[in-house]
Amino acid sequence: MKLDAESVTKSRIGVLDKGFLELTDYCADDLSVVNAARVSLHKESEEFSEKDSGLIRFLMREHHGTPFEHGYFRFRVKAPLFVFREWHRHRIGHSYNEWSARYSTITPEFYIPDVVLTQVGKPGQYTFEMADEEVAQTLRKRLEDFYNVAYECYEEALRNGVAKQQARCFLPVGTYSEMIWSVNPRSLMHFLSLRNSDQAQMEIREYAKVAEAFFRDIMPVTAEAFIENNRTSP
Ligand SMILES: Cc1cc2nc3c(=O)[nH]c(=O)nc-3n(C[C@H](O)[C@H](O)[C@H](O)COP(=O)(O)OP(=O)(O)OC[C@H]3O[C@@H](n4cnc5c(N)ncnc54)[C@H](O)[C@@H]3O)c2cc1C
């Protein structure tokens, strides 16, 4: 995905069957990284130069991480609950606010996987392969039936006067939720190294791929240095 600077904000990219990742705002660029580093010599650049690319690569390689913390990307995310559960494990440099199932009624939107996988091997060494179409179809049908029953139970509990905070026990982890996610560039790189990786679960990886495309568009030199640095955050 390549977005021009004009269209980069308010860009909502569809992910999975009903989700999205939307960049709603950002304050980040390659220049702010070099200026954060140069303040130590009481210097500042107005325009980004070739020399600055070298400085970014040096900072990345030598693990001088703090100059990459002066910025943020703010996203609106719609994803299944089990994806958020993995996402919220990322604590440092991330801020989250999520749709509350205590205060509002959750809408019946559930994840039905388009790609269904089987796992082969031992824990820690699994490889994942596409399931037979018959297995995939059965899973999708059973999920649909299960989600319908779960949501009927949820609505019935609400009708009976059960508080939303307890009625939500009926909502399965495939239920879609929404959150606002803000993250600084250094922490975003750490997230991408773990979640846009072969080892990550396919579903969160789909979101991480889109987040990485936004990152590349906004901080191209930093993104290149991150890749050169073995996709390791400084
Ligand atoms: C493929 C994969 C499989 C996973 N499987 C499991 C699993 O089975 N069970 C499970 O519980 N989790 C699992 N996780 C989640 C994982 O353990 C991390 O919680 C998650 O990846 C966030 O990483 P992090 O702690 O480095 O990130 P952040 O929370 O953003 O922390 C960033 C960095 O800050 C430092 N830091 C943060 N907190 C502390 C602290 N308290 N003490 C010292 N240093 C700190 C560390 O250097 C850390 O890398 C998995 C993650 C992945 C990617």
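We use all heavy atoms of the structure for the numbers below, so side chains are in, but hydrogens, waters and symmetry mates are not. Order of appearance sets the numbers: ligands from 1, and atoms from 1 within every ligand. What you are looking at is a predicted structure, and each value in this text was computed from that prediction instead of being measured.
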Side chains of Glu44 and Val39 in contact at under 4.5 Å (non-hydrogen atoms):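 No, side chains not in contact.
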Selection residues 140-158 - residue pairs positive for salt bridge (charged side-chain N to carboxylate O under 4.0 Å, His left out), sequence neighbours left out: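 Found Glu133-Arg140, Lys141-Asp145.
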Compile the protein residues with any heavy atom at a distance under 4.0 Å from an atom of ligand 1; present them by chain, then by number.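 Answer by chain and number: Arg89, His90, Arg91, Ile92, His190, Leu194, Arg195, Gln199.
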Assess, by modelled atom type and distance only, whether the side chains of Ser32 and Asn35 contain a donor and an acceptor separated by less than 3.5 Å.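 There is no such pair (donor and acceptor under 3.5 Å, judged by atom type) between the side chains of Ser32 and Asn35.
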Give the intermediate values and the outcome of ring-ring contact (aromatic ring centres under 6.0 Å, His included) for residues Phe84 and Trp99. CA-CA 11 Å; Phe84 279 177; Trp99 184 8; over 10 Å; no
More than 12 heavy atoms of other residues, nucleotides or ligands under 6.0 Å from CD of Glu224: is that the case?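 Atom CD in Glu224 is not crowded, with 12 or fewer foreign heavy atoms closer than 6.0 Å.
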With Glu22 as reference, evaluate Arg74, Arg12, Arg76 under the salt bridge (charged side-chain N to carboxylate O under 4.0 Å, His left out) test and give the passing residue.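 One option only clears the test, and that one is Arg12.
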